[in-house]
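Report on the following structure.
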Amino acid sequence: MGDFRLLGPVEVWHGAERIDVGHPRQRTVLAALLADAGRSVPVATLIDRVWGQAPPRSARQSLHAHLTRVRQVVQRAGVPGSLVLTSDSYRLEVDPATVDVHRLGELTARALRPEHPAEQRVALLRQGMALWRGEPLAGLGGEWVAQTRQLWRRRYADTAVAWARAELAVGNPGEVIRVLGDLAAQFPLQESLAAVLMRALVAAGRPAEALAHYAAVRRHLIEELGAEPGADLQDVHRAVLRGDEPGGVRSGPAQLPADIAGFAGRTAHLAMLDALHDRASARAVVVSGMAGVGKTALAVHWAHTVAPRFPDGQLYVNLRGFDQDETVLAPADAVRGFLDALGVPADRLPPGRDAQLGRYRTLLADRRVLVVLDNARDAEQVRPLLPAAPGSLALVTSRHQLTGLLATADAQALPLDTLTDDEARELLVRRLGRDRVDAEPAAAEVIVAACAGLPLALAITAARARQSRFPLAPLAAELAEEGHRLDALDTGDVAGRMRSVFSWSYDALSAPAQRVFRLFSLHPGPSAATTAVASLTGLPPSDTRRLLGELTRASLLTEQLPGRYVSHDLLRSYAAGLAADLDPVADRDAAVRRLLDHYLHTAYAADRLLDPARGDIELPLAPPAADARPEQLADPRAATAWLATEHPVLLATVTSTAETGHDAYIWQLTWSLNTYLDRRGDWDERAAAWRTALRAADRLGDRVAQARAHISIARTHTLRGSYADSIASLQQALDLYTAVGHRIGQAHTHRNFAHLWGHQGRYDAAVDHARQALTLYRAAADERGQADALNQVGWYHAMRGDHDEALECCRQSLALHERLGNRAGQAHAWDSLGYAHHRLGRHDEAIECYGHAVRLAGDLDDRYNQTQALTHLGDAELAAGRSDRAERAWTRSLAVLTELGHSDAEAVRRKLAALSSAG
C-alpha cells in the first residue's frame, strides 16, 4: 500500500522505494487531490488550487496531462485504478489513512477520546508528531498552497499542545521543552502552547525561563492584539511567581456523539467551517437546511475533526427544537447540563437561572471549548448559550436560518443544500460497500436519483438494503414508483420515517404558511417567482412574500435567487400528499387555473411586445381568474428578461398541464413561447412543446391549432434533415388550413415549404412556394406576411444566382417592414441584401447591410439570428481581405452559439480554425 506524504516535501513511497512525483506543478496536482483523499474534487476546484484565480486558457488541457502522470504515480505506489472521473470531478480513491495529514488528524482525534489511559494517549500522539517533516507542501507555491500550509501548521500546533500535555501527565518535560521551544517561536500568540511550555519548564526546574517566556508572549500579545494574556496563561504565571507547581492539564468535557459512520461528501462545507473557525471574531456558526439534509452529521463530523483545536473540551446538547414527542429544551436546562459537564458540583450551582447562565459564560471565558447546539428552534433558544469571549465557538444546527442570530450575535451562516450525485453515490458506497454498489450500477443510479441528494433518505435506503441483503434492483424500483417514494423511505421508527421528519417542520408553521406549502406542490417547477406563487395561492403579493419567508426560514423551501423559490423533490412529494388529503379538489383545480392564467397571459403579453407585427392568428384567450395576477411587462427588454427566466417553467407547465385536461392552455402557451424560442434557436425544446400542443389540439378538435403545431414540428424536421417527415407534417397543415379557408395559414405553410426545399438546395421549388405565399398574403391583405414573403422570394433568388432580382425583392421587403415598424423583419431583409451584395462582389455594401442586421438583431435580443448575421459579416470581411475583422465577427458569433449550446457553433469554429491555419 502506498504512503503519501504532504507534511514536508510532497512524496510518494511504496515500501522502501520513493517514487518520483515529478516537477512542482505535478506535485501540486497530486497534493490538491490528496488533500481530499477519497472525496470528489471538481475540475474547477483543481484548476483553482493549481493555477490560482487567473488560470491560463490551457489549464484544463494541462490538468488532464498532469492527471495522467498522477495516475501512473499512484499505480506505482500499489493503488491501481484509484483516479476516478465522476461527472466533472476527480476522486483519488486512496485510503485517507495512507496520507500523513489525514493520519495526523485521525491519530489526534483518537488520542483525545476520554476512554484512553495516559500511556495510550501519549503513544498515539507520538505517532502523530512523528509524521511532521517540516514545512507542509515544501517547495510548492501558489495561493491555495500558502493557505493550506498555514492551516496545517495551525493544526499541527494544536496537536503539539495535546501531545505536550500528555507527555507532562506521564512526567516527560524534557522532550516537551525541546520540541515546543522552536514551535513557540513560530506561534508567539498561541497561548495554549505558551502555557504548556511554561508548565514543562517549571517541571524541569527552570522557572526563570518560564517567567521570561511569559513576558515575551505578553509583550507580543499587547503589541499585536492590544490584549493581555487569557486566564489560563495568567494562572500559570501566578503559580510560577508563588513558587507553586502549575496546575495539571485540564480534562475538559467530551460530550460529542459518535462520529457518523459512512460520512461522505461535504468537502466544500468542511472547508468553509474551517475557514469560519479561523476567523478570530467568529463566535458562532449556524448550519441551516431542510429536514434530513445532514446538518447534525456535518456538525458532529467536523467537531470530531477539530476537537484538538478545542483543548478545553467539547459540549453537546440536542435542543429538540422540532421533536414532536419531546419537550423543546429550554436554555436554562441546557446550561445546567453544561455546568455539570464543566465540573461544577450540584451543591455549588448558583441559585436562579440568570446566575447559572452567568457562571456558564464565566467558565467559557477561561477556556477554548467547542459548543455544539443541535436542532435549535429559534434564535432565542440559542442566544443565552453562546460563548461570550473569543477562543470558544458555538456550532448551531437548525431547520430555520436564525437570521436574528446572524444579525445580533456575530454568527456566521452556513446553509446546507442536498448532496451532489457524486457525493450521494459515495455515501451509498460507504454504507453498502463498493462491491455491492458496483455490482448493480443502474439500480444505484435510480436510488441516487430517487433520494434526490437527501442524506437521510440515502441512509434509510442503505439501512433497508443492509437489512435485507437482497439485490438493490427491487428497492430501486420501489423508490422509482411515483407517489410511493416516501413509503419506501420508512425504517419503522419515527426518526427513520421521512414523513414524520418532515412533519416536525410542517407542524411548526402558521396555518397560512402550511396552505402555501401544500399548494406549492402543484407548481410544475423547476422554480417559482413570488408573483407566480401569489397567483397560485390567490393571495396578495405582500402576504405571499411574508409566507414564503416563513417557509424559507423553516427550510421547507429554498430561495434560489432573490424572489425565486424551489422545493426539494421529497418535500414536494410530502406536500402533494398533504394537499391531496387536506385541500378539496375544487380548491386545487382553482389554484392550478390561477397559475395557468398567470403564465399564459404574461407570456402572451411578452410575445406581443417581442413581435407586435406577428402575422398569425390572435389567440382567443379567456379572461384570467379574478385572483390571478399576470405580470405587467413594460417593454420588449422586460419581456425578453421575463421569458429568459421563466421559459424552463413555461415548458414544464406545457408538459405537466397535458395531464390536467387544460388543453387550450397547452397550445396557447406554446404559441406564446414560439417567438422567444425561435430567436434563441431552441429547436428541440420548441419541437417538444409543439408535439405536446398537437396532442392537445387533437383532443380539442381545433384544426387551426393542429395546423400551427404541424408547421412548427415540420420546421424542426427540416433542420434535422428529416425531409420526408417535414413534407408529411406540412401537407397535413396545408390540408387543415385549406379545409377551414384560412388563407394566412396556407401562406405560412407555403413559406415553410419554401424553407424545406431551400434547405435541400432546390431553389426553384423554394421560389415557387415563396411566391404562392406572397399571393395568399396579398389576397388576405396581410402586409406583414407580404413583407416576409418578399424577403423569402429574394433570398432564394440570391441562392440560385439571380442577385439583381434578389436585391429588388429584398428592398421591397425592407421598405414594407420599415413602414410597419417591424424591426425583426428589417433585420432579416438587411441580412438578405448583404448576401446578395456579397455574391455580386460588392463587399463594402454587403458589410454595411450585415452591420444593420447585427445591430437590429442585437437590439431585439434575437441572439440566434444575430449569430447568423455575424457569421455572414465575417464571410464578407474575409472576402474583402480583412481577416482580422472576420476573426472578430466569427468569434462573437461563436461565443453566443456556444452559450446557446447550438450545433451551428461547429461550422463557425471550423472557419476560425481555417483562418488560424492560413495565418
Side-chain angles (χ1 to χ4, degrees), residues 5 7-8 100-101 103-114 116-136 152-221 229-252 307-312 367-368:
R5 302 178 184 180
L7 299 177
D100 57 2
V101 67
R103 192 155 66 250
L104 174 63
E106 193 271 336
L107 287 167
T108 306
R110 281 171 54 199
L112 293 178
R113 290 173 186 165
H116 289 317
E119 292 77 10
Q120 189 174 356
R121 183 173 297 135
V122 168
L124 290 168
L125 288 168
R126 285 175 181 169
Q127 291 180 50
M129 293 292 288
L131 296 171
W132 190 262
R133 297 178 294 113
E135 183 181 72
W152 290 352
R153 288 175 70 244
R154 281 198 298 268
R155 290 182 179 175
Y156 171 68
D158 288 334
T159 299
V161 169
W163 163 79
R165 289 174 171 173
E167 292 283 8
L168 290 179
V170 296
N172 296 325
E175 185 66 10
V176 171
I177 295 169
R178 186 186 68 79
V179 173
L180 293 197
D182 291 337
L183 199 58
Q186 298 176 41
F187 296 92
L189 303 179
Q190 186 160 337
E191 296 185 49
S192 59
L193 195 154
V196 74
L197 177 56
M198 288 177 67
R199 290 182 179 121
L201 288 166
V202 171
R206 298 155 62 178
E209 292 179 50
L211 291 173
H213 186 64
Y214 175 82
V217 172
R218 179 175 180 271
R219 184 173 62 254
H220 277 295
L221 288 167
D232 188 24
L233 190 55
Q234 290 187 37
D235 285 347
V236 175
H237 180 238
R238 282 191 290 268
V240 177
L241 289 173
R242 291 193 304 267
D244 297 337
E245 182 76 17
V249 180
R250 287 175 176 159
S251 57
R309 299 158 71 180
F310 297 93
D312 295 311
R367 291 168 165 82
R368 292 178 62 193

When every non-hydrogen atom of Ile177 is compared with those of Leu197, the smallest separation belongs to CA-CD1, 4.1 Å
In the structure I gave you, are the side-chain heavy atoms of Tyr156 and Leu183 within less than 4.5 Å of one another anywhere? yes
Is Glu175 salt-bridged to Arg178, going by a charged N under 4.0 Å from an acidic O? yes
Q: Compare all side-chain heavy atoms of Val101 with those of Trp152 and state whether any distance is below 4.5 angstrom.
A: yes
Scanning both residues in full, the closest heavy-atom pair of Met129 with Trp163 reads CG-CG, 3.7 Å
Heavy-atom closest pair (Leu104 atom, Gly128 atom, distance to 0.1 Å) is CD1-O, 3.3 Å
Shortest non-hydrogen pair, Ala200 vs Pro173, comes out as O-CB, 3.6 Å
- Task: State, with a plain yes or no, whether a side-chain heavy atom of His213 is found less than 4.5 Å away from one of Val217.
- Result: yes
Exactly one of Val240, Val176, Leu168 clears side chain to side chain contact (heavy atoms under 4.5 Å, CB included) with Arg199, and that residue is Leu168
- Message: A side-chain contact here means heavy atoms from C-beta on lying under 4.5 Å apart; do Thr108 and Asp158 qualify?
- Response: no
Output, in order, the C-alpha distance, side-chain angles, deciding distance and verdict of salt bridge (charged side-chain N to carboxylate O under 4.0 Å, His left out) for Glu167 and Arg126. CA-CA 9 Å; Glu167 292 283 8; Arg126 285 175 181 169; 2.7 Å; yes
Residues Val202 and Pro207: closest non-hydrogen pair is CG2-CA, 4.3 Å
Shortest non-hydrogen pair, Arg165 vs Ser192, comes out as NH2-CB, 4.2 Å
Taking the side chain as C-beta and beyond, is there a heavy-atom pair between Val122 and Glu119 under 4.5 Å? no
